[in-house]
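Each remark here refers to the structure printed beneath this line.
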Amino acid sequence: MKLLQGTAQITSSGHLEIGGVSATELAARYGTPLYIMDEAFIRKNCRAWQQAVGNHGKVAYASKAFCTLAMCRLVDQEGLSLDVVSGGELATALAANFPAERIYFNGNNKSLEEIELAVRSNVGRVIVDNFYELEMLEQTAARFKRPVSILLRICPGVEAHTHEYVQTGQLDSKFGFTLDNGQAMSAVKVALTKPHLYLRGMQCHIGSQIFALDGFAAAGKTMISFLADIKKATGVILSELDMGGGLGIKYLPEDNPAQVKDLVQTVVRSVQMACATNNFPVPQLVFEPGRSIVGPPGWVIYRVGARKEIPGIRTYVAVDGGMADNPRPALYGSRYSALVANKANAALEETVTIAGKCCESGDILIKDITLPRLEPGDILAIPSAGAYQFSMASNYNRLCRPAVVFVRDGEAHVVVERESMADLFRHDLIPKAWEKQQERLRVAR
Ligand code: LLP
């Protein structure tokens with residue numbers, strides 16, 4: 001079964017087409033590996049989130065999933081807010097003219113430079129993660145004479161059912177102020193004494209690639225009862241509750257993630273019920289979806305190369321990318337599906353393992369997948385590749401990071417150019433002092 005979502009389809013000649021553009025043609029035009037983003041599908045996902053959240057609150061796209069100038073511009077065009085987690089993401093958003101007041105600045109160890117950039121550019125909300133940051137932000141806001149609106153990142157002690165590395169809400173977590181041991185309440189009290197910081201509300205994020213909605217409901221309930229406790233302890237009624245991101249997506253045809261509207265409804269209901277129980281006014285909600293907006297619309301295509309058959313054991317087929325452009329299988333054991341873009345309707349003939357080209361045995365993109373017979377030059381296409389692939393890509397083995405194209409209505413636009421070999425050592429230097437030494441060596445020889 002093939003995973004075709006958004007505008008992706010297989011033509012009668014068996015070619016994969018995304019946004020009305022043939023993937024094989026894109027490979028010929030722009031080279032491989034190549035990230036292809038289905039623009040209409042990204043916009044559709046933005047709108048689905050906006051529509052589901054409606055007047056319950058706001059949607060802030062989590063740019064860590066995929067952050068480029070064009071993506072920030074698209075998010076602005078669609079009217080969403082933006083969640084950034086570093087000076088680099090913030091600078092990208094600002095360079096794309098993204099309105100600073102719609103930016104949420106997350107992160108557990110913001111540097112002074114990052115905090116200064118946030119304060120100077122008047123970002124809408126800084127989500128304060130710890131006491132160190134709280135002090136640094138107050139001092140910076142005072143120095144620039146700019147009041148800053150903040151949320152506090154709370155660790156609600158809720159375990160999401162997902163991979164351990166992408167769980168964040170559990171008690172033993174590096175993120176946020178812990179609720180259970182009173183640290184979160186202390187943070188609220190400290191924050192309320194800061195003259196340049198306006199405490200607007202709380203934030204939590206329980207994890208990523210989550211299918212079961214009960215964790216979100218539990219987090220909503222816990223957070224409302226905390227807001228009610230804050231009211232009791234300080235008399236202050238906070239009106240914003242940011243629930244983070246985390247909605248899972250379909251990587252394999254058999255995956256069955258929840259719909260955006262079901263997640264939002266689940267949270268809204270649990271929040272409303274908890275508010276009624278605690279006699280607390282329903283706050284404005286914020287959602288920070290990343291993967292569910294850009295994951296399904298993204299594809300990555302590779303050119304097939306070498307094959308190694310180990311009779312009775314396994315056949316490896318290697319492609320011209322791997323863990324450098326997609327570290328997720330090696331890092332989290334993530335599983336993917338694939339199809340052959342230039343012969344998508346051909347009969348499934350063999351079970352192979354798709355290997356990358358990095359010098360590591362662990363550089364396997366897909367273990368045991370049944371596909372048509374793969375020949376050198378075939379184009380292998382992996383769906384649901386839009387989130388945390390380009391943004392986590394590296395130059396390991398000095399591989400050039402691939403280009404990114406947006407496709408829509410039969411047109412393709414490069415939004416990130418492929419790196420060149422020269423880019424790889426653009427920032428390298430040879431110590432000046434070695435020049436003399438080299439001269440001496442030459443003379444000596
Ligand atoms: N908000 C906060 C505070 C977050 O930490 C994250 C993700 C999000 C929102 C967006 O979550 P999403 O809707 O995309 O699940 N690299 C991993 C995922 C790490 C997620 C980190 N935080 C992966 O490739 O699966």
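Atoms within each ligand, like the ligands themselves, are counted from 1 in listed order. Just the heavy atoms: all of them, side chains too, but no hydrogens, waters or symmetry mates, feed the values below.
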Legend entry - Min N/O separation Tyr388 to ligand 1 under 3.5 Å: yes

Inset, instruction - Check the surroundings of atom NZ in Lys250: do more than 12 heavy atoms from other residues, nucleotides or ligands lie under 6.0 Å from it? - result: yes

Inset, instruction - Please confirm whether Pro289 comes under 4.0 Å of ligand 1, counting heavy atoms of the residue only. - result: yes

Legend entry - Note: Asp76-Arg73 ion pair, threshold 4.0 Å (strictly below): no

Inset, instruction - Report the member of Arg291, Gln389, Met243 with the shortest heavy-atom distance to atom 18 (C) of ligand 1. - result: Arg291

Inset, instruction - Decide whether a cation-pi geometry holds between Lys58 and Phe287; the criteria are a distance under 6.0 Å from NZ or CZ to the six-membered ring centre and an angle within 45° of the ring axis. - result: no

Inset, instruction - Examine Arg43 relative to Phe41 and say whether NZ or CZ is less than 6.0 Å from the centre of the six-membered ring and inside a 45° cone about the ring axis. - result: no

Inset, instruction - For Lys194, look at atom NZ and say whether over 12 heavy atoms of other residues, nucleotides or ligands are found less than 6.0 Å away. - result: yes

Inset, instruction - Report, in ascending order of atom number, the atoms of ligand 1 lying under 4.0 Å from any heavy atom of Ala62. - result: 8 (C), 9 (C), 10 (C)

Inset, instruction - Taking atom OH of Tyr198 as the centre, report whether more than 12 heavy atoms of other residues, nucleotides or ligands fall under 6.0 Å from it. - result: no

Legend entry - Enumerated ligand 1 atoms positioned under 4.0 Å from heavy atoms of Arg153: 3 (C)

Legend entry - Gln203, any N or O under 3.5 Å of ligand 1 N or O: no

Legend entry - ligand 1 atoms in contact with Gly290 (distance to a heavy atom under 4.0 Å): 12 (P), 13 (O), 14 (O)

Inset, instruction - Output yes when the distance from some N or O of ligand 1 to some N or O of Ser292 is under 3.5 Å, and no in every other case. - result: no

Legend entry - Centroid separation Tyr35 to Phe66 less than 6.0 Å: no

Inset, instruction - Answer side chain, backbone, both or neither: which part of Asp83 comes under 4.0 Å from ligand 1, heavy atoms only. - result: side chain

Inset, instruction - Out of Arg328, Glu288, Met392, indicate the one that has the non-hydrogen atom closest to atom 2 (C) of ligand 1. - result: Glu288

